[in-house]
Amino acid sequence: MPSENLRWETLEALKSSPKGKLKYSPDWLEKGEVKHKSLLCFLCEYKAEEIKEAPVVSPAASVSSPPVISILSPKATQMAGCIRMCEHKHKAKAKAALSLRQEQQERLVATVSICESEQLKRYEELMELKQRQEYQSMRDMMEKETQESLGRQEKLREEHRHRMKILNLRLREAEQQRLREAELERQRQVEGRERHRAINAIQEEVLQLNQLLQPRPSTLTDPALDHTPYITRGNQLCSQVSEVVPASADGKFPSVEDLTVAERALQEMRSLVRNLQDEVAQAAERKRKEQEEEEEEEKKRHEELKAQQEEQKKNAAQSAKEKAKKQGLQTGADDSTLKWYNALQDAASRCAQAFDELSRAKDTQTKKLKMELQKAANTPVSQIANISGAPLKEAFEKIDKLLSSRPVTSAGKTVSTSQHPQGLEFVSYKLAEKFVKQGEEEVASNHSAAFPIAAVASGIWELHPTIGELILAHLHKKCPYAVPHYPPMESGTSVEDYQNLFDSFLKRMSGMIRLYAAIIQMRWPYTGKQGPHPHGLNHGWRWLAQILNMEPLADITATILFDFLEVCGNALMRQYRGQFWKLILLIIEEYFPRYL
């Protein structure tokens with residue numbers, strides 16, 4: 001037991017020692033060998049202290065004696081055993097702790113591995129989810145872009161439709177603007193042509209009035225009447241109008257100012273003519289008074305000359321009848337032809353009497369209306385010469401409108417025959433007169449003009465038969481050969497004077513015969529349905545037969561036969577064929593020799 005107490009004392013002493021105050025960590029093995037070495041050092045130091053306490057051996061003894069073996073004391077041995085047991089105990093604990101730690105570590109590692117595996121699965125699932133989300137997001141983005149693209153396309157289509165609608169609207173507006181401009185241009189051209197025609201008509205009237213300013217043979221012997229100022233002023237007015245007319249050439253039309261200048265010149269020319277006529281009338285009155293004194297002296301001589309002429313006329317008529325009786329030809333038209341001729345002249349006289357009130361009107365308004373109606377009737381007819389197509393159709397439509405009491409534009413003014421009760425008769429008479437005058441003047445100098453004039457006259461005749469009768473009446477009055485009829489000599493006219501009188505009109509007679517020959521074969525080409533010709537080739541055949549049954553007149557008969565056959569001979573040949581050629585042989589073999 002004492003040893004036991006000693007051990008505990010030793011332990012207490014060790015505990016109280018500086019080394020015993022060191023803290024011992026049970027996990028020193030896990031923390032390394034440093035603490036282990038410190039404990040060994042502690043034991044070594046403890047052993048060294050025990051050695052110091054052992055007895056010292058003398059040097060002699062030490063030389064002669066054998067080496068001393070150090071033997072630990074029981075206390076040290078016990079301490080060493082305790083230490084070793086403690087070490088073993090601690091090693092076992094450490095091993096157990098280490099095993100436990102290893103198991104825990106393995107379990108931790110397994111747990112961590114399982115967690116990592118699960119986390120890896122979650123990560124893979126997360127990555128797969130992210131891929132799906134990214135794929136879905138990409139699909140959504142692509143669908144969104146597709147929808148946006150479709151929306152943009154639809155927007156572009158809508159914009160395109162809107163632009164197309166705007167373009168179509170602009171095109172329609174441009175087309176409407178072009179049509180408006182074309183209509184304005186057409187209206188401007190129509191008005192310009194009307195002004196042009198009005199200026200032409202004014203120029204024609206001014207030139208005609210200027211001819212009236214020229215001195216007549218009856219006024220040349222009157223020294224009190226001086227025509228020079230009137231002629232000078234008339235020539236100035238003609239030059240003034242002529243300066244306006246060239247401005248309308250080369251496709252240009254005269255302006256309103258030009259028309260105004262021409263109208264003022266016309267008014268002044270009319271005033272000149274009226275003043276001259278007044279002076280002529282006064283001079284004629286003076287001359288009449290002077291001649292009244294001479295008439296008494298001439299009366300007896302005139303009566304004697306008249307008796308001689310009557311006797312000469314009777315002798316000439318008797319000789320002509322005897323000659324015709326011998327040769328079998330007529331000296332004049334037959335009774336039926338003369339009756340027809342007289343009936344036409346009576347109809348023309350009745351028409352002239354029907355507008356007598358309008359022609360004799362004194363008030364300014366009625367006079368102005370009469371002039372406008374006359375211009376509206378004369379202007380389209382005077383424009384027919386070598387024109388065709390649209391201008392010819394336009395002239396025809398103006399005449400038709402005027403005769404149908406519809407308003408027409410003439411010289412920039414609107415006029416209608418319904419503005420006066422006698423307007424239609426007046427226009428009908430003037431139109432027929434103008435047609436014949438065109439044949440007398442235009443066709444006489446330009447033979448090709450007969451056909452367009454005849455086409456319009458035939459079309460108007462078909463729509464308004466009264467115009468045809470008036471045309472024939474005026475034609476027969478100015479050109480009796482169109483009947484055919486040889487007018488008798490006036491009393492006091494010799495055969496030579498009679499022949500020379502009609503020779504001077506031969507050119508005008510030729511123009512009117514050509515116009516008549518064109519009328520009987522021409523039709524208005526722009527009519528949808530056409531009935532029989534109002535005055536067709538059968539009348540031409542009748543005229544040709546009657547002229548060949550009459551005694552020919554020198555120069556006159558040959559001229560009118562040539563003009564008539566040159567114009568409508570081909571049409572007569574196509575219709576009458578063999579009969580026509582027989583008639584031609586008759587002319588060659590039997591009629592021509594009568595000129596000799």
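Below, all heavy atoms of this structure are taken into account, side chains as well, without hydrogens, waters or symmetry copies.
A heavy-atom distance below 4.5 Å is not found between the side chains of Met573 and Arg577. Residues Leu548 and Leu561 are in side-chain contact: their nearest non-hydrogen atoms beyond the backbone lie under 4.5 Å apart. Residues Met371 and Glu205 have side chains in contact (heavy-atom distance under 4.5 Å, counting atoms from C-beta outward). Using a 4.5 Å heavy-atom threshold, the side chains of Leu475 and Phe435 count as separate. For the pair Met550/Pro484, a side-chain contact is recorded, criterion being any heavy-atom separation below 4.5 Å from C-beta on. Using a 4.5 Å heavy-atom threshold, the side chains of Leu470 and Trp461 count as separate. Taking the side chain as every heavy atom from C-beta outward, Ser416 and Lys401 never approach each other to under 4.5 Å. Contact of the His464 side chain with the Ile467 side chain is registered, since non-hydrogen atoms from C-beta on lie closer than 4.5 Å.
Legend: residues meeting side-chain hydrogen bond (donor to acceptor under 3.5 Å, both in side chains) with Lys430, ordered by chain and number and at least two apart, are absent. Remark: Glu268 engages Arg233, Leu237 in a side chain to side chain contact (heavy atoms under 4.5 Å, CB included) (not counting sequence neighbours). The side chain to side chain contact (heavy atoms under 4.5 Å, CB included) search around Glu191 returns Gln187, Arg195, not counting sequence neighbours. Not counting sequence neighbours, the partners of Gln579 by the side chain to side chain contact (heavy atoms under 4.5 Å, CB included) test are Trp541, Tyr576, Lys582. For the ring-ring contact (aromatic ring centres under 6.0 Å, His included) test, residues two or more places apart in sequence or in another chain that qualify with Phe396 are Trp524. Here Leu424 pairs with Leu403, Thr417, Ser428 under the side chain to side chain contact (heavy atoms under 4.5 Å, CB included) rule; sequence neighbours left out. With sequence neighbours left out, the salt bridge (charged side-chain N to carboxylate O under 4.0 Å, His left out) criterion links Arg406 to Asp400.
Across His476 and Ala482, no two heavy atoms sit closer than the pair NE2-O, 3.7 Å. Closest approach of Ile384 and Ala395 over heavy atoms only: CG1-CB, 4.3 Å. For the pair Ala262 and Ile202, the tightest heavy-atom approach, listed with the atom from each and the gap, is O-CG2, 3.5 Å. In terms of heavy atoms, Ala376 sits closest to Val408 at CB-CG2, 4.3 Å. Smallest separation of non-hydrogen atoms from Gly511 and Val443: O-CG1, 3.5 Å. Contact record, Glu442 with Ala449: CG-CB, 3.8 Å, taken as the closest heavy-atom pair.
Within the structure, ring-ring contact (aromatic ring centres under 6.0 Å, His included) contacts touching residues 345-380 (residues at least two apart or in different chains) are Phe355-Phe426, Phe355-Tyr429. Screening residues 341-350 for side chain to side chain donor-acceptor pair (under 3.5 Å) gives no qualifying pairs among residues at least two apart or on separate chains. Here side chain to side chain donor-acceptor pair (under 3.5 Å) pairs that include residues 354-364, with residues two or more places apart or in two chains, are Asp356-Arg360, Glu357-Gln422, Asp363-Thr366.
In this structure, Lys437 NZ and Asn378 CG are separated by 7.5 Å, a value rounded to the nearest 0.5 Å. Between the CZ atom of Arg274 and the CE atom of Met269 there is a distance of 12.5 Å, given to the nearest 0.5 Å. Of the inter-residue distances, the one linking Glu397 atom CD with Ser404 atom OG reads 11.0 Å to the nearest 0.5 angstrom.
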Which atom pairs, one a donor and one an acceptor, fall under 3.5 Å between side chains of residues 562-570 and the rest of the protein, sequence neighbours left out?
unit_1	atom_1	unit_2	atom_2	d
Asp563	OD1	Ser510	OG	3.4
Asp563	OD1	Arg514	NE	3.2
Asp563	OD1	Arg514	NH2	3.1
Asp563	OD2	Ser510	OG	2.4
Glu566	OE1	Arg514	NH1	3.1
Glu566	OE1	Arg514	NH2	2.2

Output side-chain donor-acceptor pairs under 3.5 Å for residues 532-540, partner residues at least two apart or in another chain, one line each.
unit_1	atom_1	unit_2	atom_2	d
His533	ND1	His535	N	2.9
His533	ND1	His535	O	3.2
His533	ND1	Gly536	N	3.4
His533	NE2	Ser458	OG	3.3
His533	NE2	Ile519	O	3.0
His533	NE2	Met522	O	2.8
His535	NE2	Tyr516	OH	2.9

For a side chain to side chain contact (heavy atoms under 4.5 Å, CB included) check, start with the C-alpha distance between Thr409 and Val190, then their side-chain angles and the critical distance, and finish with the verdict.
CA-CA 9 Å; Thr409 303; Val190 169; over 6 Å; no
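Counted within 6.0 Å of NZ on Lys478, heavy atoms from surrounding residues, nucleotides or ligands total more than 12; the atom is thus considered enclosed. Within 6.0 Å of CH2 on Trp340 lie more than 12 heavy atoms contributed by other residues, nucleotides or ligands.
Judged by distance alone, the side chains of Ser382 and Gln438 never bring a donor and an acceptor atom under 3.5 Å apart.
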